[in-house]
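The figures that follow rest on heavy atoms only: side chains count, while hydrogens, waters and symmetry mates do not. Throughout, residue positions are numbered sequentially from 1 according to the sequence presented. The structure presented is a predicted model; accordingly, all values stated were derived computationally and were not measured.
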Amino acid sequence: LDARTGRQRLVQDFIGGTGSPAIAGGKAVSASSNLVGAVNIAEQEVPFLRGIHAIWFQLWIWNMAPPPPLPKGFLWGYGLRKEHFAGDLAVAGGVVYAATYEGGLLAIDLETGKRLWDFQAGPRFGTSPSLADGAVYVGGGGGQLYRLDAATGTVRWQLALEGHPVGAPVVAGETIYVATREGILYA
């Protein structure tokens, strides 16, 4: 949307959004339940094009037309088969970081949409990822806080918490702040 006028610039259909979009490198990145997708933020919507694309897509599903072109501005999508994205995305250094409800954390290349690495913690994640100083911080639904190397996904340390982390860990200077569903704030 145009911040000055409120006029719509571009609409992309993502079924069941999971959090706030992230903006980086001229792209808006957003997640639905099982898809992370990137769109070019410089694109402008052409009137009626979205409706035409929807009709074309239905005709393609019914084998009555060739595959439709990608929607205007759509750059790439990364989909999951058995997992579902959770919370907000984090983006830095050309990489998108996304947690899943089933305990996964993925690093996806911002330019290509290809998976760079993934980390499986086991119990479902309870927080969105946070980034600071080359590290990814994420809380697990099993009461764990993890620090992973942002480039490789290697666990640098993990800490057992009394409670289930919520929100995204906040990094301020040399301190990490994590709140739990049980009302405990760790620093």
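Under the 4.5 Å side-chain heavy-atom criterion for ILVMFWY residues, a single connected hydrophobic cluster contains both Ile55 and Ile61. By the criterion of side-chain heavy atoms lying less than 4.5 angstrom apart, applied directly or through intervening Ile, Leu, Val, Met, Phe, Trp or Tyr residues, Val171 is grouped together with Leu161 in one hydrophobic cluster. Taken together through direct or relayed side-chain contacts under 4.5 Å among Ile, Leu, Val, Met, Phe, Trp and Tyr, Val155 and Leu131 form part of one hydrophobic cluster.
Across every non-hydrogen atom of Val29 and Trp76, the tightest pair is CG1-CH2, 4.5 Å. Scanning both residues, Ile176 and Tyr137, for their nearest heavy atoms gives CD1-CE2, 3.1 Å. Gly153 and Leu148 make their closest contact through O-CD2, 3.0 Å (heavy atoms, listed as atom of the first residue, atom of the second, distance). The shortest heavy-atom contact between Pro165 and Gly140 is CD-O, 3.1 Å.
Between Pro169 and Leu145 there is a side-chain heavy-atom pair separated by less than 4.5 Å. Residues Val178 and Leu185 fail the side-chain proximity criterion, which asks for heavy atoms closer than 4.5 Å. The shortest distance between side-chain heavy atoms of Leu89 and Ile108 does not fall below 4.5 Å. Looking at heavy atoms from C-beta onward, Leu106 lies in side-chain contact with Thr100 at the 4.5 angstrom threshold. By the 4.5 Å heavy-atom criterion applied to side chains, Phe119 and Tyr146 are counted as neighbours. At a threshold of 4.5 Å between non-hydrogen side-chain atoms, the residues Leu110 and Val91 count as touching.
Arg115 contributes atom CZ, which lies 13.0 Å from atom CG of Asp109 (distance to the nearest 0.5 angstrom).
Partners of Glu162 according to the side chain to side chain contact (heavy atoms under 4.5 Å, CB included) rule, which considers only residues two or more places apart in sequence or in another chain, are Ile184, Tyr186. Shown here are the side chain to side chain donor-acceptor pair (under 3.5 Å) partners of Asp149, two or more places apart in sequence or in another chain: Thr152, Arg156. Considering only residues two or more places apart in sequence or on other chains, Val170 meets the side chain to side chain contact (heavy atoms under 4.5 Å, CB included) condition with Tyr177. Not counting sequence neighbours, Tyr97 has no partner by the side chain to side chain donor-acceptor pair (under 3.5 Å) test. In this structure Trp62 satisfies the side chain to side chain contact (heavy atoms under 4.5 Å, CB included) test together with Gln58, Leu59, Met64, sequence neighbours excluded.
Side-chain N or O atoms of Glu182 include one that pairs as donor or acceptor with a backbone N or O of His164 at under 3.5 Å. Ser128 places no side-chain N or O within donor-acceptor distance of the main-chain N or O of Ala168, the cut-off being under 3.5 Å.
Residues in residues 25-35 take part in these salt bridge (Lys or Arg N to Asp or Glu O under 4.0 Å) pairs, two or more places apart or across chains: Lys27-Glu111.
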